[in-house]
> 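Here it is, the structure, as structure tokens.
If you're wondering where the values come from, they're calculated on a predicted model, not measured in any experiment. For ligands, and for the atoms within them, numbers begin at 1 and follow the listed sequence.
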Amino acid sequence: MTADIQASQANHRLSEEEFRHYRAQGFLVRESQFDTPEVNSLVSAVEAAAATALARSEDLENARPYVLDGKRFVDLDHITVQFEPPPFDPAIKVIEPVCELHPRLDTLLDDPRLTDPIRGILGSEAIGLWTNKLNLKRPRAGSGFGWHQDSPYWIHDCEHVDLLPNVMVVLDAASRVNGCFEVIRGSHREGCLPGTDDGTQLGGFYTDPRRFDLASAVALEVPAGSLVFFDPHIVHGSAPNTSDQPRRALVITYQPADHPALKSRRIHNIR
Ligand SMILES: O=C(O)CCC(=O)C(=O)O
């Protein structure tokens, strides 16, 4: 490895102050880490991946469709495509995992701007991939994400749920009006919280609103190309996109090396 590469990688490590912030608050923002040409190339890649997922989900010989709480999902082997509820179906809401659908997204997984801070958070040089997803909030069609933690989704498939840090790659300037990502500051310190008990199929995955304080919500209005690192236990969500602008984001989740990924169950260690 050349000295230049070593230096540029070293530059992406968290400072002590950033690390303390992440530990105390459960999240950390690094603004504008990707420049406009890089963001444009990632946007082209996610749109190509979304087109592939849409085409494959219409191939009924290989796609497995199902409905939960009135929302349509399609499984393509281990990839799940979630559609927006009517009347916006067939707009895609989420694809998980997504990065294997495009080579540019696959290389993003090893980008030191993502992985150096994650190595610091995990306290380990040897890291692997847990999962990754694309959240597409189309203009005036993108629904919100209710307040939830990720850890209760994962706890049945993973014995180290505390060690699954996320990084969101923000692909469009995000504001309250297009449904920016929001977190409940400090809520990660509570561990896995109980879900709601509203009788719906997915209700148990939304955090009981009596167990966190909405007054601690932080709306992360950030420029395109920003990164948001967040703890697997932090309560988070976002509002619908009521604007004419898209609000697209990738969320990549890492783990210590040599463990299988959530959905493929394959080991994918990071370079
Ligand atoms: O994209 C968002 O605004 C929310 C994402 C989210 O909650 C998740 O992916 O778990």
> Out of Arg247, Gln149, Glu182, indicate the one that has the non-hydrogen atom closest to atom 2 (C) of ligand 1.
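Going through Arg247, Gln149, Glu182 one by one, Arg247 has the nearest heavy atom to atom 2 (C) of ligand 1.
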> Provide, to 0.1 Å, the distance between atom 5 (C) of ligand 1 and the closest protein heavy atom, together with that atom's residue and name.
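That would be Asn135 ND2, 3.1 Å.
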> Identify, for atom 9 (O) of ligand 1, the protein heavy atom at the shortest distance, and state residue, atom and that distance.
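In this structure, atom 9 (O) of ligand 1 has Lys133 CE, 2.9 Å as its nearest protein heavy atom.
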> Need the ligand 1 atom indices (1-based, order shown) with element for anything under 4.0 Å from a heavy-atom of Ser238.
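Those atoms are 2 (C), 3 (O), 4 (C).
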> Could Lys71 and Tyr66 be counted as a cation-pi pair, given that NZ or CZ must be under 6.0 Å from the ring centre and within 45° of the axis?
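No, Lys71 does not sit over the ring of Tyr66.
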> Run the ring-centre check on Phe205 versus Tyr153 and record whether the distance is less than 6.0 Å.
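For Phe205 and Tyr153, the ring centres are under 6.0 Å apart.
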> Test the Arg185-Phe27 pair against the cation-pi criterion, namely NZ or CZ under 6.0 angstrom from the six-membered ring centroid and within 45° of the ring axis.
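So Arg185 doesn't make the cation-pi contact.
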> Of the side chain and backbone of Val94, name the one, both, or neither that has a heavy atom under 4.0 Å from an atom of ligand 1.
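Near ligand 1, Val94 shows nothing, with every heavy atom at 4.0 Å or more.
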> When the ring planes of Phe181 and His236 are compared, do they come out parallel, tilted or perpendicular, using 30° and 60° as the limits?
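Correct class here is tilted.
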> Evaluate the side-chain proximity of Trp130 to Ile252: yes if any heavy-atom separation is below 4.5 Å, no if none is.
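They are not in side-chain contact.
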> Among all protein heavy atoms, pick the one closest to atom 7 (O) of ligand 1 and tell me residue, atom and distance.
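Residue, atom and distance for the closest contact: His148 CE1, 2.8 Å.
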